[in-house]
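Notes follow the structure.
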Amino acid sequence: MKAAVLREVGKPLQIENVQINKPGPHEVLIRTVAAGVCHSDLHFLEGKYPYPLPAILGHESAGVVEQVGSEVRTVKPGDHVVTCLSAYCGHCEHCLTGHLSRCMSPETQRQAEEEQRLKAADDAAMFQFLNLSSFAEQMLIHEHACTPIRKDMPLDLAALIGCSVTTGVGAVIHTSSVRPGETVAVVGCGGIGLAAINGAAIAGAGRIIAIDAIGSKLNLAKEFGATDVINAKDGDPVQQVLDLTGGGVHHSFEAVGLKQTAEQSFKMLGKGGTANIIGMIPVGVHIELHGAEFLQEKRIQGSNMGSNRFPVDMPRYVDFYMNGKLKLDQMISRRIKLEDVNEAFEELKKGEIARSVIMFDQ
């Protein structure tokens, strides 16, 4: 099969022929139909987060089940599925208390003594990226890294649910539990930020403030439910939020992954507010907060993949889209071939587009 392989940090991905194994007892072989090009992939490509190489990148995807292992009970051949990088075991403390996205069990991966799922054409080791490696024509994954969805859902749009939607909407609904009428600020209007805005609208937030430095993204944010927009180039966004709300928001969501924006997300809170860090702040970077502000019962917390229970959440998000509540069509900036993936990363660096989606049937 063809796949986009990262062999060296900071260098373009290479399109190669890669070998893929057959499903083990709890594994599923999927024909990849669509894969989103996410900013998280860029973090690993640039070395901001270390990962063993060579690896096939990609983690936001949808496809069709081709084969299943002997013990698989959750999907069957022919099912349309959305994948999720937060594979779960189902019986650790985190899983049993409803926090599937926190599961770190090695059970969902092949062990060192087993034959690897992926190999290069010359039989050399090839590492699977975040349980998935979806920049490839096929994926071989644990059954608890995907979930079936209704077949009338377009798979190019369903792929977005695999990361950006689950991360953004989930942060609003699960991590921070936004309630009807509360005020929300979203810092960064890429794919995940737009999903958070959409999630806040679905949750019934009374005021949704979108913050970005690119005007076209702010215009898009309005389509996703933003009631107010702030261009960070026009002055201090924190002061603008405080002025708009008369004291700060109930919830803020940082979807950029920078020290400055993480600190701003805390500063724009009102008393008792909660800042949620969705963006991937690079390894080694520390953020600084004014300690006295904690006396106002402000909180700051992380959100991993929207604190998801994805086998439950993703089919519901599909229904949201089919019912007109979840906006996905506007999120795709362009559809590309696998060979165009490096160009998509260059566009992502410029910050001017929401999402490029690789289509494997083009």
Side-chain angles (χ1 to χ4, degrees), residues 39 164-165 167-281 287-290 293-294 296-304 306-307 327 330-331 351 354:
H39 207 280
S164 58
V165 170
T167 301
V169 176
V172 170
I173 294 174
H174 295 315
T175 312
S176 210
S177 301
V178 172
R179 298 177 181 178
E182 292 183 327
T183 52
V184 166
V186 178
V187 184
C189 297
I192 290 174
L194 291 173
I197 291 167
N198 199 168
I202 292 172
R207 195 166 197 173
I208 305 169
I209 305 168
I211 303 162
D212 204 288
I214 298 175
S216 59
K217 284 190 172 181
L218 293 174
N219 290 333
L220 196 56
K222 294 177 184 178
E223 297 184 37
F224 280 74
T227 59
D228 302 89
V229 296
I230 291 174
N231 193 317
K233 292 181 179 178
D234 295 337
D236 180 12
V238 172
Q239 191 57 52
Q240 293 185 68
V241 169
L242 297 178
D243 291 342
L244 276 174
T245 58
V249 295
H250 294 99
H251 308 265
S252 65
F253 298 89
E254 195 277 352
V256 182
L258 295 176
K259 169 183 169 65
Q260 180 184 14
T261 47
E263 292 169 356
Q264 288 173 340
S265 70
F266 184 76
K267 293 176 182 177
M268 63 182 60
L269 296 174
K271 290 183 178 180
T274 302
N276 300 269
I277 308 302
I278 311 175
M280 293 176 64
I281 298 173
I287 63 173
E288 299 175 83
L289 305 175
H290 186 206
E293 293 189 58
F294 286 104
Q296 299 177 18
E297 296 192 354
K298 296 180 181 181
R299 295 176 294 276
I300 187 167
Q301 61 186 6
S303 178
N304 178 35
S307 306
K327 301 184 184 301
Q330 302 92 324
M331 195 179 289

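All figures in this text were calculated on a predicted structure; none of them were measured in a lab.
When all heavy atoms of Pro237 and Ile211 are compared, the closest pair comes out as CB-CG2, 3.9 Å. When all heavy atoms are compared, the tightest approach of Ala201 to Gly225 is CB-CA, 4.3 Å. The heavy-atom pair separating Thr227 from Gly206 by the smallest distance is CG2-O, 4.3 Å.
Contact of the Asn198 side chain with the Val165 side chain is not registered, since no non-hydrogen atoms from C-beta on lie closer than 4.5 Å.
With sequence neighbours excluded, the residues forming a side chain to side chain contact (heavy atoms under 4.5 Å, CB included) with His39 are Leu42, His43, Leu348, listed by chain and number. In this structure, Lys327 has no salt bridge (charged side-chain N to carboxylate O under 4.0 Å, His left out) partners at least two apart in sequence or on a different chain. Not counting sequence neighbours, the partners of Gln301 by the side-chain hydrogen bond (donor to acceptor under 3.5 Å, both in side chains) test are Asn276. Remark: Glu297 engages no residue in a salt bridge (charged side-chain N to carboxylate O under 4.0 Å, His left out) (not counting sequence neighbours). Every residue meeting the side chain to side chain contact (heavy atoms under 4.5 Å, CB included) condition with Ala255, not counting sequence neighbours, appears here in chain and number order: Ile192. For Ala203, the side chain to side chain contact (heavy atoms under 4.5 Å, CB included) partners two or more places apart in sequence, or in a different chain, are Val172, Val178. In terms of the side chain to side chain contact (heavy atoms under 4.5 Å, CB included) criterion, residue partners of Asp236 (sequence neighbours excluded) are, by chain and number, Val238, Gln239. Listed by chain and number, the residues in a side-chain hydrogen bond (donor to acceptor under 3.5 Å, both in side chains) with Thr261 are Glu254 (sequence neighbours excluded).
The pair Glu263-Lys259 counts as a salt bridge, with a side-chain nitrogen and a carboxylate oxygen less than 4.0 angstrom apart.
Separating the CG atom in Asp234 from the CD atom in Gln240 is a distance of 6.5 Å, to the nearest 0.5 Å.
The stretch residues 211-226 participates, sequence neighbours left out, in no salt bridge (Lys or Arg N to Asp or Glu O under 4.0 Å) pair at all. The stretch residues 250-276 participates, sequence neighbours left out, in these ring-ring contact (aromatic ring centres under 6.0 Å, His included) pairs: Phe266-Phe294. Under the ring-ring contact (aromatic ring centres under 6.0 Å, His included) criterion, no residue pair touches residues 177-222, with sequence neighbours excluded. Screening residues 180-208 for salt bridge (Lys or Arg N to Asp or Glu O under 4.0 Å), with sequence neighbours left out, gives Arg207-Asp228.
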